[in-house]
Amino acid sequence: MANATLGLFFFWTSFVEMESLIKQVEELMKAPAPKTKDELESFRLRLLSKKGLIGEIFERFREVSGEDKKKFGARINQLKTAAEEQYRTLKEELESQLNAVEDVGMDPTLPLNNLPAGSRHPLKLVLEEMQDIFIRAGFVVKDGPEIEDDWHNFSALNFPEDHPARDMQDTFFIDDDFALRTHTSNIQVRVMESGELPIRIIAPGRVYRNEAVSARANCFFHQVEGLYIDKGVSMADMKQMLLYFAREFFGKDAKIRLRPSYFPFTEPSAEMDVSCFLCGGKGCNVCKYTGWLEIMGCGMVDPAVLEACGIDPKIYSGYAFGIGVERITMLKYDVKDLRTFFENDIRFLSQFRSIG
Ligand code: DAH
């Protein structure tokens, strides 16, 4: 009786040990593939050598009961074949990888931290900076079509037909009614027409003018349009917002001044200058010794424009502005020739890699 119990206990422990050894083998086979010859060899030793796990399993197998022998036999044979097969595959893979290293003279497993990184286009950097500034002040970004009809590009903005004001902008016409937009002010109209009030938007985008290409002009360029419409908006609000922009963009000491100007869609209209950030206003060749740099057009939205877009000018008022992106990028980064923005010369573009 005692002997029988002892025998049972003995069989039972072998059973448990077999299961645990099999588990260890399975885990080892799931581990990440060896990357060096040494790692591969220790995989082999631990698994397949005489004293390895598989060897131990077969050793133990002799001790299990007849019943369990049937159960384990097929299983451990399969395990052994799978382990040998895996070792062969791993060996082949590793050898071919190591050969590749020798062939090309480099190690493809090394981390890729020296890849040349692309750079961001300077116009994009400036555009994003401008957007960030206005978004912080509560503006939302709007988009609109580059091919535009006469109403949205001109008529709704108070450019009467055959009025000489249309000659302010040389237009690329597509047909009688459509043209490439000459400014992003078309988006003002579209947003106002949509009927949602109040409005506080900026609209960045590309615009087109039929102009001879030179260092200072191009047939397309970029603008950021701004529009703020609510009850009781005044020119003082506009001035404060534009001062905030100038300080955020050009530095906290920036000053601004507004000079009277003319745009059909604003009344009064102004041109805004910022104090020259290079000489601090003393005068240098960038500001042509005036101490000031012109950076945008702006003004109070003309009541006729509000009306054309379905907004009651007796209740609502607002301001608008338009900033040339190339212009302030040239000023900020001292770029002398506007054409360099569009030539895709890596020697120029890569200088902006670390900015931003
Ligand atoms: N649309 C004008 C241009 O292209 C720029 C501009 C000036 C936009 C004054 C405005 C503005 O919204 O108020 O020259």
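Just so you know, ligand 1 is whichever comes first in the structure, and atom 1 is the first atom listed for that ligand. Just so you know, these numbers use all the heavy atoms, side chains as well, and skip hydrogens, waters and symmetry mates.
Within ligand 1, counting atoms from 1 as listed, the ones closer than 4.0 Å to a heavy atom of Q223 are 3 (C), 4 (O). Interface of T266 with ligand 1, defined as ligand atoms under 4.0 Å from a residue heavy atom, comprises 13 (O). Residue-ligand proximity, C298 to ligand 1, at heavy-atom distances under 4.0 Å covers atoms 9 (C), 11 (C), 13 (O).
Under 4.0 angstrom from ligand 1, the non-hydrogen atoms of S185 all belong to its side chain. Contact annotation for F265 and ligand 1: only side-chain heavy atoms (C-beta onward) come within less than 4.0 Å of the ligand.
In this structure, M296 does not count as a contact residue of ligand 1, since none of its heavy atoms falls inside 4.0 Å of the ligand. Residue contacts with ligand 1 leave out M238, since none of its heavy atoms falls under 4.0 Å from the ligand.
Relative ring orientation between F159 and H183 is described as perpendicular, the plane-to-plane angle rising above 60° on a 0-90° scale split at 30° and 60°. Classified by interplanar angle (parallel below 30°, tilted 30° to 60°, perpendicular above 60°), the ring pair F245/F134 is parallel. Under the 30°/60° scheme for interplanar angles, the aromatic rings of F43 and Y87 are found to lie parallel.
Inter-residue side-chain proximity for C279 and C287 is flagged as met; some heavy-atom pair is nearer than 4.5 Å.
Annotation: cation-pi geometry satisfied between K80 and F58 (NZ/CZ under 6.0 angstrom from ring centroid, within 45° of ring axis).
At under 3.5 Å, a nitrogen or oxygen of Q188, whether backbone or side chain, sits near a nitrogen or oxygen of ligand 1. Residue-to-ligand polar distances place R209 within reach of ligand 1: an N/O pair is separated by less than 3.5 Å.
Each of E148, E225, E146 was scored for a side-chain hydrogen bond (donor to acceptor under 3.5 Å, both in side chains) with N186, with one residue passing: E148.
Between the choices S269, A320, P264, G318, the shortest heavy-atom distance to atom 13 (O) of ligand 1 belongs to A320.
A donor and an acceptor atom, one from each side chain of E193 and H152, are located under 3.5 Å apart.
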